[in-house]
**Student:** 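This is the structure, below, for whatever I ask next.
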Amino acid sequence: MKSFLKKYQDSIIGAINGFDRLLFRGTIRRIASVCGIVSYMQYHKILCKDFADWSTEITNRIRSASEQVAHNCQRPIHYINSSSIDKEEYARTIAKKDNIKKGLICLLSAVEPCMTFDLYKNREKKTLDVVARERKCLWLYHYMVHPVLGFMHARIQTWLPFTIKICINGREWLSRQMDEERIGYKRRGNCFVDIENIHRAQEFLDTQLRTDWPALLNSIQETISPAYNNVFSHYPMPYYWSADESEWASDIMFKSAAQLEKIYKQLLLHGITVFQSPDVMRFLGRLNEESRGIHVNFKGQVVTSLKERPEGVRIKHWLNNNSVKIYNKEGSVLRTETTINNANEFKVYREAENKTGKPYEWQKMRKGVADLHRRAHVSQACNNRYLDALSTVETGEIVEKQLHPICQKTQYDGYEYRALNPWSDHDAALLKVICRGEFSINGFRNRNIVEHVYPDAASLKEHDRKRLSAKVSRDLRLLKAHGLITKVAKTHRYVLTKKGKTITTAFLVVNNSKINSLCQIAA
């Protein structure tokens, strides 16, 4: 990210990094599974034949108390009968109409899918069994203006196991923090186009990571479900909080929409035509710099799409339910955003669960809020890699001017070297390999070129492999003579020069471009 900011520093006001949207899930773990609910029923001597009456009774108590919150605040309760209705926009309209600045805005109810329990008549065993099923039940949405978090909503499932989902917005939270310190800013929609004190704003976003999340979320839970503690007072069961979804955004604020528009089409073109599956995997942490390729056991799919949305034109890359994207938000803000829905794709250095005293190891990241700080670190690293890759895009010169020098003979170290032909099979393969994402930091060696340009080399005899290696050595000297690569001191590795990054990027843009993509961006 630093290289991108440095490259366009004359056009940029500044940048901020932090959570955009967080969706938390509150789960009562003791009764969230069939084994748990059966154990609870056995402990309290509730028969399976009485399950329906018992569950209905506590559902009515939970629902009545939640609705009573709205009645006490004299706020409206509306039933939403269509999934096409935007509940957030509906609540904002009510807040604007009633001039709600704090507290509950409204209570919306809707029938939506949920995971709950039901009875199953087991004819073989001649028993009634409790089973988990996906059904539909009433959810209660509490839209409110929280004193700390600002505009947000929390919804509760009115059937067992009473799952709670809380959605907050980090930028909304930031605006309230800046209001308290009277820091001036310009806000459009859900982003800031200018901030008076960017350094202080970033400190606020960093402070959000040090929040006592269980305490904060429990306080919201007690507000929307005041009867919960009474219903289960004889058998306390605290909520376990996890982050179902997180969006971490890096907002680069340009001085004007025109300055962002000047480079944005080239960035889109580069992203849609140059970034291949290994690049996306590297951005999202699934392919490190030492990797020689995609692991044979990898199971997943990389998808890239270009779409025009109300917020702006965006390009998005998915990998196993996680994604990274960029779009021009509100005209003058370039937002890079990493969304994590599948936390198990990443690692966290911690002590293994149920193994107290054991040394720390790299474990799979959990959805629990305990790993939220690591999730932020991973997301920012992803944004950094993506923006650094975009920083190599040359937005001021035409492709022909960039490629012309290497298409001419050159002199180097007293010898004359032939011109490169980027559209010949051999030279094109060389240029594609040397700019692969996994070689961007640690560089590449002779054998890396052999593996990618000559995939059948492993099956050759030793004498033929040596001849092939010698041929690649001559290719490396040719690339070095044209100033595309340079040797890393005291190693057998080579890295791209600044000129090499520029030229290979220009070559890939032209070589990988599809007519439809070019026409769509040029339109």
Side-chain angles (χ1 to χ4, degrees), residues 19-37 40 59 62-63 66 87-88 107-117 132-144 146 148-149 151-170 172-173 208-209 211-226 228-229 231-232 236-248 320-323 338-346 348 353 364-376 378-379:
F19 281 118
D20 177 32
R21 189 175 69 93
L22 282 166
L23 178 59
F24 294 100
R25 174 191 289 266
T27 307
I28 310 173
R29 302 180 83 175
R30 292 186 182 178
I31 58 172
S33 63
V34 172
C35 292
I37 196 67
Y40 179 91
T59 288
I62 294 289
R63 176 180 173 180
S66 189
K87 299 179 184 67
E88 180 174 327
L107 178 64
L108 305 181
S109 60
V111 175
E112 296 176 346
C114 71
M115 186 60 70
T116 186
F117 304 107
R133 283 182 181 168
E134 187 171 342
R135 302 175 66 186
K136 288 186 176 182
C137 80
L138 193 74
W139 288 78
L140 299 179
Y141 285 75
H142 293 251
Y143 279 90
M144 66 186 79
H146 192 274
V148 175
L149 305 175
F151 182 88
M152 57 158 290
H153 81 263
R155 57 175 168 149
I156 182 170
Q157 175 182 330
T158 57
W159 286 6
L160 282 167
F162 306 115
T163 300
I164 290 178
K165 295 186 178 182
I166 298 176
C167 184
I168 68 174
N169 188 294
E172 177 75 19
W173 188 354
Q208 293 178 5
L209 293 175
T211 300
D212 185 351
W213 292 104
L216 176 62
L217 298 171
N218 282 331
S219 67
I220 297 173
Q221 173 261 315
E222 292 170 1
T223 300
I224 69 170
S225 183
Y228 172 77
N229 291 330
V231 171
F232 297 103
M237 296 182 292
Y239 273 90
Y240 172 80
W241 296 102
S242 57
D244 264 0
E245 300 175 14
S246 68
E247 294 177 356
W248 181 274
N320 293 347
N321 294 324
N322 300 322
S323 67
T338 295
T339 301
I340 296 180
N341 298 321
N342 184 6
N344 285 338
E345 289 285 302
F346 305 99
V348 58
E353 293 186 53
K364 286 186 176 181
M365 187 189 295
R366 302 162 293 187
K367 280 194 171 185
V369 294
D371 286 347
L372 198 59
H373 195 279
R374 171 61 179 169
R375 183 183 289 224
V378 166
S379 299

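Computed from a prediction, not measured in an experiment: that's the story for all the values here. Just the heavy atoms: all of them, side chains too, but no hydrogens, waters or symmetry mates, feed the values below.
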**Student:** Starting at CG of Asn169, measure out to SG of Cys167 and round the result to the nearest 0.5 Å.
**Tutor:**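 If I round to the nearest 0.5 Å, the distance is 7.5 Å.
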**Student:** What distance separates Asp20 CG from Trp248 CH2, expressed to the nearest 0.5 Å?
**Tutor:**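 The distance works out to 11.0 Å.
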**Student:** Taking Arg63's backbone N and O only, do any of them form a donor-acceptor pair with Ser66's side chain (distance below 3.5 Å, no angle check)?
**Tutor:**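 Checked: no pair found.
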**Student:** To the nearest 0.5 Å, what is the distance between CG on Leu372 and CZ on Arg366?
**Tutor:** 11.5 Å
**Student:** Please enumerate all residues that pass side chain to side chain contact (heavy atoms under 4.5 Å, CB included) together with Asn229, with sequence neighbours excluded.
**Tutor:**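 Partners of Asn229 by the side chain to side chain contact (heavy atoms under 4.5 Å, CB included) criterion, ordered by chain and then number, come out as Glu222.
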**Student:** Closest heavy-atom contact between Trp159 and Cys137?
**Tutor:**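 In this case the closest contact between Trp159 and Cys137 is CD2-CB, 3.4 Å.
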**Student:** Which heavy atom of Asn322 sits nearest a heavy atom of Asn342, and at what distance?
**Tutor:**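 Looking at all heavy atoms of both residues, the shortest contact is OD1-N, 2.9 Å.
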**Student:** Can you sort out the partners of Arg135 under salt bridge (Lys or Arg N to Asp or Glu O under 4.0 Å), two or more places apart, ordered by chain and number?
**Tutor:** Asp118
**Student:** Would a distance-only check, ignoring hydrogens and angles, find a side-chain to backbone donor-acceptor pair under 3.5 Å from Asp371 to Arg374?
**Tutor:** no
**Student:** Are the side chain of Gln157 and the backbone N or O of Leu160 linked by a donor-acceptor pair below 3.5 Å?
**Tutor:**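 Yes, Gln157 side chain to Leu160 backbone: donor-acceptor pair under 3.5 Å.
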**Student:** Which pair of non-hydrogen atoms, one from Val148 and one from Trp173, has the smallest distance, and what is that distance?
**Tutor:** O-CD1, 3.2 Å
**Student:** Taking only residues two or more places apart in sequence or in another chain, which ones pass salt bridge (Lys or Arg N to Asp or Glu O under 4.0 Å) with Arg375?
**Tutor:**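 Once residues adjacent in sequence are excluded, Arg375 has no partner under the salt bridge (Lys or Arg N to Asp or Glu O under 4.0 Å) criterion.
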**Student:** Step by step, would you call Ile164 with Trp241 a side-chain contact (heavy atoms from CB on, under 4.5 Å)?
**Tutor:** CA-CA 9 Å; Ile164 290 178; Trp241 296 102; 4.1 Å; yes
**Student:** Run the side-chain contact (heavy atoms from CB on, under 4.5 Å) test on Ser225 and Phe162 for me, step by step, so that the C-alpha distance in whole Å, both residues' side-chain angles and the decisive distance to 0.1 Å come before the verdict.
**Tutor:** CA-CA 10 Å; Ser225 183; Phe162 306 115; over 6 Å; no
**Student:** Which atom pair, heavy atoms only, marks the closest approach of Ala376 to Phe19?
**Tutor:** CB-CZ, 3.9 Å
**Student:** Taking Thr27's backbone N and O only, do any of them form a donor-acceptor pair with Thr163's side chain (distance below 3.5 Å, no angle check)?
**Tutor:** no
**Student:** Quick one: CG on Leu217 to OG on Ser242, what's the gap to the nearest 0.5 Å?
**Tutor:**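 Those atoms lie 10.0 Å apart.
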**Student:** For the pair Glu247 (side chain) and Leu22 (backbone), establish whether a donor and an acceptor sit closer than 3.5 Å, ignoring hydrogens and angles.
**Tutor:** no
**Student:** With sequence neighbours excluded, what pairs up with Arg25 under the salt bridge (Lys or Arg N to Asp or Glu O under 4.0 Å) test?
**Tutor:**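 Once residues adjacent in sequence are excluded, the partners of Arg25 under the salt bridge (Lys or Arg N to Asp or Glu O under 4.0 Å) criterion are Asp244.
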**Student:** For Met237 versus Phe232, what's the shortest heavy-atom pair and its separation?
**Tutor:**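 So the minimum-distance heavy-atom pair works out to CE-CD2, 3.3 Å.
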**Student:** Nearest 0.5 Å, what's the CD1-CD1 distance between Ile62 and Ile156?
**Tutor:** 5.5 Å
**Student:** Examine distances only and state if a side-chain atom of Glu172 and a backbone atom of Phe151 form a donor-acceptor pair shorter than 3.5 Å.
**Tutor:**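 Checking the backbone N and O of Phe151 against the side chain of Glu172, a donor-acceptor pair under 3.5 Å is found.
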**Student:** Under 6.0 Å from the CZ atom of Arg29, do we count more than 12 heavy atoms belonging to anything else shown?
**Tutor:** no
**Student:** Give the intermediate values and the outcome of side-chain contact (heavy atoms from CB on, under 4.5 Å) for residues Lys165 and Leu23.
**Tutor:** CA-CA 7 Å; Lys165 295 186 178 182; Leu23 178 59; 4.3 Å; yes
**Student:** For Pro161 and Ile31, work out which heavy atoms get closest and say how close.
**Tutor:** CB-O, 3.5 Å
**Student:** Are the aromatic ring centres of Phe24 and Trp213 under 6.0 angstrom apart?
**Tutor:**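 Yes, the ring of Phe24 comes within the 6.0 Å limit of the ring of Trp213, centre to centre.
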**Student:** Can you list everything that forms a ring-ring contact (aromatic ring centres under 6.0 Å, His included) with His153? Sequence neighbours excluded, please.
**Tutor:** Tyr141, Tyr143
**Student:** Distance from Asn321 atom CG to Asn344 atom CG, nearest 0.5 Å?
**Tutor:**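 So the CG of Asn321 and the CG of Asn344 are separated by 11.0 Å.
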**Student:** Who are the side chain to side chain donor-acceptor pair (under 3.5 Å) partners of Lys87, not counting sequence neighbours?
**Tutor:** Glu112
